[in-house]
Amino acid sequence: MDADNQALHILNGIDLQINAGESAAILGSSGAGKSTLLGLLAGLDQASSGEVYLNQQPLNKLSEEERAAVRQQVGFVFQSFQLLDHLTALENVMLPLELAGEKKYEAKAKQWLDRVGLSHRLKHYPRQLSGGEQQRVAIARAFAGEPLVLFADEPTGNLDSVTGHSIIELLFSLNKDQGTTLILVTHDEVLAQRCQRRFYLQQGKLEERS
Ligand SMILES: Nc1ncnc2c1ncn2[C@@H]1O[C@H](COP(=O)(O)OP(=O)(O)O)[C@@H](O)[C@H]1O
Ligand SMILES: [Mg+2]
């Protein structure tokens, strides 16, 4: 990363393997590089050096087209949600399903919005939704694609404890029932303790602790 030509080293010597079907939490203080690491693991960003394998594919060596194909198997819940402003909640969830060739995209999108408790907000635009509601739309969008790996950046960060709890249950039911690999950035110790593995990011290094 460059800021005014000053190279900023955020991550350093990270060596991490997460196996299919596992759940892992990444913890660390604000600015430690958690979001950066998650973006690299999901193939959204490219590291200046090193290699990331996703589902056995070396992301740095793939063409843009091949990388896009691998990314189809991945769901991502952004810390800032990244919903499309000019689309309703329903449309935000439907769009990637439609693009992926899912025939029942509308029914599926509705089903997932229902599971995150938003069936009464289908026609609302992001600006008409609270932060927690936007977060749940982003979660429904990521879940609906039935990804092999789900990356979520502080997925309960904007939710009250009751809603947060139900989202956590949903995450782990995906992991249990569909074998979805979960990689979560979180400050929530309860959520972290539910994961099989915990990694702490500090000064660019990652350390696994129990
Ligand atoms: N696009 C960017 N350009 C320059 N610096 C950035 C950029 N994105 C993040 N950073 C910096 O990288 C560091 C790690 O950021 P981030 O990965 O968002 O941390 P975390 O998610 O752990 O809070 C921070 O110091 C942040 O200011
Ligand atoms: Mg972050």
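Ligands are counted one by one from 1 in listed order, and the atoms in each one are counted from 1 as well.
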Practice item. Please verify whether a non-hydrogen atom of Ser29 lies at under 4.0 Å from ligand 1. Key: yes
Check your understanding: Strictly under 4.0 Å, does any heavy atom of Gly28 approach an atom of ligand 1?
Key -> no
Practice item. Would you check, one step at a time, whether the test side-chain hydrogen bond (donor to acceptor under 3.5 Å, both in side chains) holds for Glu154 with Thr186? Key: CA-CA 5 Å; Glu154 305 195 21; Thr186 186; over 6 Å; no
Check your understanding: Is it the case that Asn175 and Thr180 place a side-chain donor and acceptor less than 3.5 Å from each other?
Key -> no
Review point. Hey, are the side chains of Leu184 and Cys195 touching, using non-hydrogen atoms and a 4.5 Å cut-off?
Key: yes
**Study point:** Side chain proximity check, Tyr53 to Leu59, heavy atoms < 4.5 angstrom
**Key:** no
Revision key, fill the gap. Heavy atoms of Ala89 and Leu129 approach each other most closely as CB-CD1, 4.4 Å
Point to revise | NZ/NE/NH1/NH2 to OD/OE distance under 4.0 Å, Glu207 and Arg209 | key: yes
**Study point:** Contact check: Thr36 to the Mg ion (ligand 2), N/O/S below 2.8 Å
**Key:** no
Exercise for review: Specify whether an N/O/S atom of Gln79 falls short of 2.8 Å from the Mg ion (ligand 2).
Suggested key: yes
Check your understanding: For residues 12-34, which residue pairs qualify under salt bridge (charged side-chain N to carboxylate O under 4.0 Å, His left out), counting only residues two or more places apart or in two chains?
Key -> Glu22-Arg197
Practice item. Could you tell me whether Ile10 approaches ligand 1 through its side chain, its backbone, both or neither, with non-hydrogen atoms closer than 4.0 Å? Key: side chain
Exercise for review: Decide whether an N or O pair under 3.5 Å exists between Lys34 and ligand 1.
Suggested key: yes
Check your understanding: Between Ala32 and ligand 1, does any nitrogen or oxygen pair lie at a separation below 3.5 Å?
Key -> yes
Review point. Atoms of ligand 1 less than 4.0 Å from Ser30 heavy atoms?
Key: 23 (O)
Review point. Of Asp153, Thr36, Leu37, Asp45, which has the heavy atom at the shortest distance from atom 15 (O) of ligand 1?
Key: Thr36
